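Single-structure report; data block below.
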Amino acid sequence: MAPSHDETPFPTDPRGRLAVAEALRGARTIAAAGHLPLDGDGIGSALGLVHALRAAGREAVCVIGGPVPRNLTFLPGIADAVRLPGALPFVPDAFVALDGGDEDRFVPMLPLARSARHFLDVDHHVTNKRFGTASWVDANHAATGLMVLGLIDDLGLPLTPDAALCIYVALVTDTGRFSYSNTDPASHEAAARLLRHGVRPDEVLRHVYRSLPRGRLDIAAEVTRRLATSPDGTLAWSEVTLAMCAEAGVAPLDAHDAIEVPLALGGVEVAALFREQERGTAEPAATHVSLRSTTTFDVAAFAVARGGGGHRRAAGFTAQESPAAAAARIVPDLQAAVVHHRATEVGR
Ligand code: 5GP
Ligand code: MN
């Protein structure tokens, strides 16, 4: 994610970029996958790369390791992707892990990734752990999709309309439709280029942000009803429980965007969404915690300290408890961290 205008740029990684491009150039067979849980940037990056490689006559396949969010099932190439535990048509020389800062975001794909000669980690998270045999990590990019666009150029691959569409979806979802602080001139320049390669923004809007099932709107209403705030109003949080999802007929993964509800409230500086995760009957409760910051408060640091990761203004982690228990434990910590941040910032 690109730094916002009030923050210093991140280091670039030209050597990582060269190493990844070199490995891809030499690989006869390539598999690409987005991190789990799948999102627009992860899957858009993987499919975009695969479309461009195939258009150049290369053997490439997209690997899907978990459920695809409903609003992304329209992406071209989804039907041809290999869904694990399905078998690949080849043993990949290179496995490209996209948009995931940590190996643990690719768990079902790890045996496959580790068996490849090259395990390539291409990512824009500042918290990336450089887990590949080669890693290209550059947090100056608003989306990993833009790094894929860079690789397409480095390798001289054709930017087909399908590749352009997938990369556009990566970009539009990770920038919050070109509105988050990571939106920079490069995001808009890339968007212009992608539009020249056939992308129809209104079609993307229709598929990604509209076409919602009624239950998704019911979830938003319930998330709003359960919205809680700190006494000073700078912290807002809510929850998505499995019971809410069952009632609304919506998969928890498809309620991920509900973080926009607490974030939309005036005066909010830090928003959190506690989203209960699907699990087997014998498994204990687990909750995905999404965090967003509208100030210089670094939610990535907060998430890393709890086993997660992300960007300075958008990060997350998993808590091994119910949403209510997670909120009761984590909100006070978050509040204390924000107060501490304010105090140290004033002192600077
Ligand atoms: P979200 O709240 O939308 O799930 O995640 C916000 C950002 O933090 C995304 O860039 C996402 O990849 C990252 N993130 C969320 N959860 C985790 C996690 O458990 N581990 C790591 N490494 N990153 C995460
Ligand atoms: Mn991303």
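Both counts, for ligands and for their atoms, begin at 1 and track the order of listing. The shown structure was predicted, so the numbers you read here are calculated from the model rather than taken from an experiment. What you see below is based on every heavy atom in this structure, not just the backbone, and it leaves out hydrogens, waters and symmetry mates.
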[X] with [Y]: basic N within carboxylate O range, under 4.0 Å:
{"X": "Lys129", "Y": "Glu103", "value": "no"}
{"X": "Glu189", "Y": "Arg193", "value": "no"}
{"X": "Asp254", "Y": "Arg275", "value": "no"}

Is Leu265 isolated, or which residues cluster with it under the ILVMFWY side-chain rule of less than 4.5 Å, directly or via members?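 Result for Leu265 is Leu227, Val268.
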Might you work through the ring pair (Phe, Tyr, Trp, His ring centres under 6.0 Å) test for His188 and Phe178, ending with a clear yes or no? CA-CA 8 Å; His188 282 285; Phe178 304 100; 5.2 Å; yes
Which residues pass the side chain to side chain contact (heavy atoms under 4.5 Å, CB included) test with Thr127, sequence neighbours left out?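 Here the qualifying residues are His125, Ala300, Val304.
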Taking the six-membered ring of Phe302 as reference, does the cationic atom of Arg306 (NZ for Lys, CZ for Arg) lie under 6.0 Å from its centre and within 45° of its axis?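 That pair qualifies as a cation-pi contact.
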Neighbour list for ligand 1 [protein residues, heavy atom under 4.0 Å]: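 If the criterion is a heavy atom under 4.0 Å, then ligand 1 touches Arg105, His125, His256, His288, Ser290, Arg292, Gly308, Gly309, Gly310, His311, Ala314, Ala315, Gly316, Phe317.
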Which of these passes side chain to side chain donor-acceptor pair (under 3.5 Å) with Ser135: Asp121, Asp123, Asn128?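 By the side chain to side chain donor-acceptor pair (under 3.5 Å) criterion, Ser135 pairs with just one of Asp121, Asp123, Asn128: Asp121.
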Does the side chain of Leu273 reach to within under 4.5 Å of the side chain of Val223, using non-hydrogen atoms?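 The answer is yes; the side chains approach within 4.5 Å.
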Do you know how many protein N, O or S atoms are within a distance smaller than 2.8 Å of the Mn ion (ligand 2)?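 Atoms of protein N, O or S type lying less than 2.8 Å from the Mn ion (ligand 2) total 4.
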